[in-house]
Amino acid sequence: SLGTAPAGPPDARLPEPAPAGPIPAALAEREAALHGPKRQRFVETEVLDDRNTVQPGDRVLVIVEDDVEFAGVLMAMARERGYRVLLAQSAAEAYPLVDRVLPNGILLDIRLPDRSGWTVLDMLKQSPRTRHVPVYVVSVVNDLPRGLRLGARAVIQKPAGKEAFERLLLDVETFRQRPRRLLLVVPDQKERERLEGLLGGPDVELVSVATGAAGLPGLSKGGFAAAVIDPRLTDMTALQLIARLRTDPAQANLPVVVWAPPSVSYRTIADLRAAADIVHDEEDAELRLLDRVNLYLHRDESTLDVTRRDALNRWRAHDPTLAGHRVLVVDDDVRNIFALTTVLEQHGMIVIHAENGREALDLLETERVDLVLMDVMMPVMDGYQATRAIRQVARLAHLPVLCLTAKAMRGDREACLAAGASDYVAKPVEIPHLLSLLRVWLVT
């Protein structure tokens, strides 16, 4: 193969403080290194797509892309294969368009003018209504692991040849007709039967075996959409099985979930983490496992029985993926600190705070932090200076830093990325967007 609705009301916002001080000049080289070469934007350019001619029963493709020239090439190829094509040129336009038409597939760019395409992917996969629609990331940003963990069907890096897009469109055409084949490798019979009841259904072709060797013949039937492996195998290690499964070029990016009971050693889990998604057998573990498997199968959850569907919806309402993560909020306005802390703690996150960049750097020397929310305009040391200083510390080189900027200020995004920020959030902060970015940078 090719490699609960958003939390909070759509207009939920945090207050916007008055901007202060000049913005440092952006460093174009840093931005290009992090996010690929800059290109001309075509925001709000009128493009004649097919939104006014779509009829019930049509095959529909949504392209989320602000480079109109490139989008036009994709549209022409898709129309040749009988698709009606709808174009969204921004993240803000993409989600409501997909939610309205429920297309056969989505081609998604990451470098959108208003916000990261990763947040579009996350919000689509958070909603039970759109979760099953296959999303193909097509971007200069080549982050295959992040794309697959967020639920993308495949990640294609630009520039790519015509053949790659022909294969992509063929995959969209055949996707709904192919069975969702799930490999379940669990040595203990009772545990295996329990997981079969949890994960199976009429829409899933389940291959359930006790050993790694017993699962390998299933590759000859067209491969698997995902695999669940208990690492307590007797005939081979879980890493060896994953490697064998991925020897098939069509399954090089096979999503694998490791079902990790308490008896499995920390070292084993650490070795597997780079190759698989880990679900520990603890509180809410079954729902977490079902959630991940459904994501990787691109499963339409309306096919689930009411008991499982309602349990998933109740579990997701609390956004459990964020619980336990430690966030450093850096802001000199106590009102913003209070507002952000309230939102984050409602989702089970642990919040510490600093009032300027200097305090933040001091805290990072002693505190374990999973992500930083960094205001830009602060006294003593502003957000740009603090972010640059963070990137100069080797152990913090990959620490996610999200800058908080004033929406009215031009060049904010470029200046934040140039300073080394992972991403940025414009003020006034939209709560669903903030939570989506947190999931993008913490969970993947």
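By convention here, the first residue in the shown sequence is residue 1. Keep in mind that this is a model prediction, so the values were computed, not measured.
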Inter-residue atom distance L304.CG - L290.CG, 0.5 Å rounding: 6.0 Å
Donor-acceptor pair, side chain of D370 and main chain of V327, under 3.5 angstrom: no
Side chain to side chain donor-acceptor pair (under 3.5 Å), paired with D50, selected from R79, R84, Q55: R79
Closest approach of G383 to M378 (non-hydrogen atoms, all atoms of both residues): N-CE, 3.7 Å
Side-chain donor-acceptor pair present, T130, D99, cut-off under 3.5 Å: no
Salt bridge (Lys or Arg N to Asp or Glu O under 4.0 Å), paired with E301, selected from R316, K125, R309: R316
Under 3.5 Å: donor-acceptor pair, side chain of E345, backbone of T342: no
Heavy-atom side-chain proximity of M349 to L438 below 4.5 angstrom: yes
R59 (side chain) donor-acceptor with P103 (main chain) under 3.5 angstrom: no
T119 side chain to H433 backbone, donor-acceptor under 3.5 Å: no
Non-hydrogen side-chain atoms of I242 and L254 separated by less than 4.5 Å: no
Beyond-backbone contact of L371 with R326, side-chain heavy atoms, under 4.5 angstrom: no
Under 3.5 Å donor-acceptor, D284 side chain and L287 backbone: no
Audit row: I63, L86, side-chain contact (heavy atoms from CB on, under 4.5 Å) steps and yes/no: CA-CA 6 Å; I63 297 175; L86 281 64; over 6 Å; no
Shortest non-hydrogen separation from A91 to D114 and the atoms involved: N-OD1, 3.0 Å
E65 and R111 ion-paired at < 4.0 Å: no
Salt-bridge criterion met for E93 and R51 (N-O under 4.0 Å): yes
Main-chain N/O of L87 paired with D49 side-chain donor or acceptor, under 3.5 Å: yes
Expected output: side-chain S436 to main-chain P432 donor-acceptor under 3.5 Å: no
Electrostatic pair R167-D171, nearest N-O below 4.0 angstrom: no
R308/D310 ion pair, N-O < 4.0 Å: no
Side-chain heavy-atom pair D291, L312 within 4.5 angstrom cut-off: yes
Charged N-O contact under 4.0 Å between D375 and K427: yes
Atom pair CG/OG1 of L399 and T387 - distance to nearest 0.5 Å: 10.0 Å
Side-chain (E367) to main-chain (L363) donor-acceptor, under 3.5 angstrom: no
Worked verdict on L168 versus L107 for side-chain contact (heavy atoms from CB on, under 4.5 Å): CA-CA 9 Å; L168 185 156; L107 275 56; 3.5 Å; yes
Whether R288 side chain and V279 backbone form a donor-acceptor pair below 3.5 Å: no
For P231 against V258, the heavy-atom pair lying closest together: CD-CG1, 3.8 Å
Distance under 6.0 Å and angle within 45° of ring axis: R439 vs W118: no
Distance (rounded to the nearest 0.5 Å) between S139 OG and K158 NZ: 5.5 Å
Nearest atoms (heavy-atom pairs only) where I269 meets A260: CD1-CB, 3.4 Å
Residues D300, R131: salt bridge by 4.0 Å N-O rule: no
Within 6.0 angstrom of H325 NE2, more than 12 heavy atoms from elsewhere: yes
SB check E430 R115 (cutoff 4.0 Å): yes
Step-by-step side-chain contact (heavy atoms from CB on, under 4.5 Å) determination, V54 to V60: CA-CA 8 Å; V54 173; V60 178; 3.9 Å; yes
Min side-chain heavy-atom separation L437-Y424 under 4.5 Å: no
Rounded distance [0.5 Å steps], CG in L183 versus CD1 in I229: 6.5 Å
Check against side-chain contact (heavy atoms from CB on, under 4.5 Å), D66 and D109: CA-CA 8 Å; D66 67 326; D109 188 20; 3.9 Å; yes
Atom pair CZ/OH of F165 and Y136 - distance to nearest 0.5 Å: 13.0 Å
Side-chain touch V204/L297, heavy atoms, less than 4.5 angstrom: yes
Side-chain donor or acceptor of H347 paired with backbone N/O of V343 under 3.5 Å: yes
Over all atoms of both residues, closest heavy-atom pair of C416 and Y384: N-CE2, 3.7 Å
Ionic contact status for R292 with D277, cut-off 4.0 Å: yes
Separation between CZ of R246 and CG of N253, rounded to the nearest 0.5 Å: 7.5 Å
Closest contact, heavy atoms only, H298 versus F175: CB-CZ, 3.4 Å
Sole candidate of R180, R299, R181, R176 that passes salt bridge (Lys or Arg N to Asp or Glu O under 4.0 Å) when paired with D203: R299
Validation row: L112, V64 side chains within 4.5 angstrom (heavy atoms): yes
Modelled atom types, side-chain donor and acceptor of Y83 and D58, under 3.5 Å: no
Contact check, side chains of V228 and L289, non-hydrogen atoms, under 4.5 Å: yes
